[in-house]
Amino acid sequence: VQLQASGGGLVQAGGSLRLSCAASGRTFSSYAMGWFRRAPGKERETVATISWSDGSTYYGDSVKGRSTISGDGAKNTVYLQMNSLKPADTAVYYCAAQVRPGPYFGDDDYWGQGTLVTVSS
């Protein structure tokens with residue numbers, strides 16, 4: 001299974017980006033998918049997640065109100081619309097598919113390679 005994230009790039013502060021993530025390889029079912037990011041010198045941070053069972057979403061405080069996660073559980077695709085981008089949003093963004101039930105995404109779940117988002121001031 002591979003998760004391919006795309007849509008990153010260089011954007012000016014105040015701009016918008018839409019990240020996409022699609023799964024390929026063997027068919028699998030996921031409980032949820034999400035976006036995470038790691039900025040240089042910082043810990044990995046949860047950006048947003050979406051649960052397929054009820055469509056519930058979670059947003060990290062740093063992106064709440066500026067981002068929208070959406071996707072299709074049947075296709076294991078997930079998107080992240082980010083608006084009003086700030087230099088602090090600069091990071092490598094990773095998508096993940098949760099294939100084990102539980103409150104967290106872990107090493108046993110599927111992770112993509114990441115896409116770099118750079119926000120210039």
Side-chain angles (χ1 to χ4, degrees):
V1 171
Q2 286 189 328
L3 297 183
Q4 183 65 50
S6 61
L10 176 63
V11 64
Q12 288 189 332
S16 298
L17 278 178
R18 186 174 188 252
L19 304 183
S20 300
C21 176
S24 63
R26 67 175 180 83
T27 302
F28 68 95
S29 296
S30 62
Y31 294 92
M33 292 188 75
W35 289 95
F36 304 78
R37 69 186 184 187
R38 187 190 297 272
K42 294 188 176 182
E43 297 288 323
R44 187 176 70 195
E45 175 187 6
T46 301
V47 178
T49 63
I50 182 167
S51 173
W52 304 131
S53 62
D54 59 3
S56 59
T57 57
Y58 165 85
Y59 294 94
D61 288 342
S62 60
V63 302
K64 197 173 296 182
R66 301 188 293 122
S67 298
T68 302
I69 188 170
S70 61
D72 185 334
K75 298 179 179 179
N76 287 313
T77 58
V78 67
Y79 308 95
L80 182 68
Q81 176 69 40
M82 298 192 296
N83 302 319
S84 302
L85 284 163
K86 307 173 182 179
D89 294 317
T90 295
V92 177
Y93 285 71
Y94 301 89
C95 61
Q98 188 182 45
V99 296
R100 304 166 300 105
Y104 305 109
F105 287 69
D107 293 340
D108 291 339
D109 295 312
Y110 297 142
W111 292 82
Q113 293 298 311
T115 184
L116 177 62
V117 172
T118 302
V119 184
S120 63
S121 57

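A continuous path of Ile, Leu, Val, Met, Phe, Trp and Tyr side chains, each step under 4.5 Å between heavy atoms, connects V63 with M33, placing both in one hydrophobic cluster. Grouping the Ile, Leu, Val, Met, Phe, Trp and Tyr side chains by contacts below 4.5 angstrom, directly or via other members, places F105 apart from L3. In the hydrophobic cluster analysis, where Ile, Leu, Val, Met, Phe, Trp and Tyr join through side-chain heavy atoms closer than 4.5 angstrom, V47 is grouped apart from Y31. The hydrophobic cluster containing L116 also contains Y94, counting ILVMFWY residues as joined when their side-chain heavy atoms lie under 4.5 angstrom apart, directly or transitively.
D108 and V99 get closest at one heavy-atom pair: O-CG2, 3.8 Å. The two residues C95 and A5 have their closest heavy-atom pair at SG-CB, 4.1 Å. P87 and S121 get closest at one heavy-atom pair: CG-CB, 3.9 Å. The minimum heavy-atom distance between Y93 and D89, with the atom names listed, is OH-O, 2.6 Å. Of all heavy-atom pairs spanning R37 and A88, the tightest one is NH2-O, 4.2 Å. The nearest pair of heavy atoms linking S51 to A32 is CA-CB, 3.9 Å.
Distance CD1/I50 to OH/Y79: 11.5 Å, rounded to 0.5 Å. Between the CE atom in M82 and the OG atom in S67 there is a gap of 6.0 Å [rounded to 0.5 Å]. In this structure, the separation between OG1 on T118 and CG on L10 is 6.0 Å, given to the nearest 0.5 Å. T115 OG1 to L17 CG: the interatomic distance, rounded to the nearest 0.5 Å, is 8.5 Å. With rounding to the nearest 0.5 Å, the separation of OG1 in T49 from CG in L80 is 11.0 Å. Atoms CD and SG, on Q113 and C21 in that order, are 11.0 Å from each other to the nearest 0.5 Å.
Taking a 6.0 Å sphere around NZ of K86, one finds it holds 12 or fewer heavy atoms contributed by other residues, nucleotides or ligands.
No donor-acceptor distance shorter than 3.5 angstrom exists from the side chain of T77 to the backbone of A22, with no hydrogens or angles considered.
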Just do the side-chain contact (heavy atoms from CB on, under 4.5 Å) check on V78 and I69 with the steps written out, would you?
CA-CA 7 Å; V78 67; I69 188 170; 3.7 Å; yes
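Every residue meeting the salt bridge (charged side-chain N to carboxylate O under 4.0 Å, His left out) condition with D109, not counting sequence neighbours, appears here in chain and number order: R100.
Ring geometry, F36 versus W111: the interplanar angle falls from 30° to 60°, so the pair is classed tilted.
Sorted by first then second residue, the ring-ring contact (aromatic ring centres under 6.0 Å, His included) pairs that include residues 46-72, not counting sequence neighbours, number zero.
Using a 4.5 Å cut-off on side-chain heavy atoms (C-beta onward), Q12 and S120 make contact. Contact of the V1 side chain with the N76 side chain is not registered, since no non-hydrogen atoms from C-beta on lie closer than 4.5 Å.
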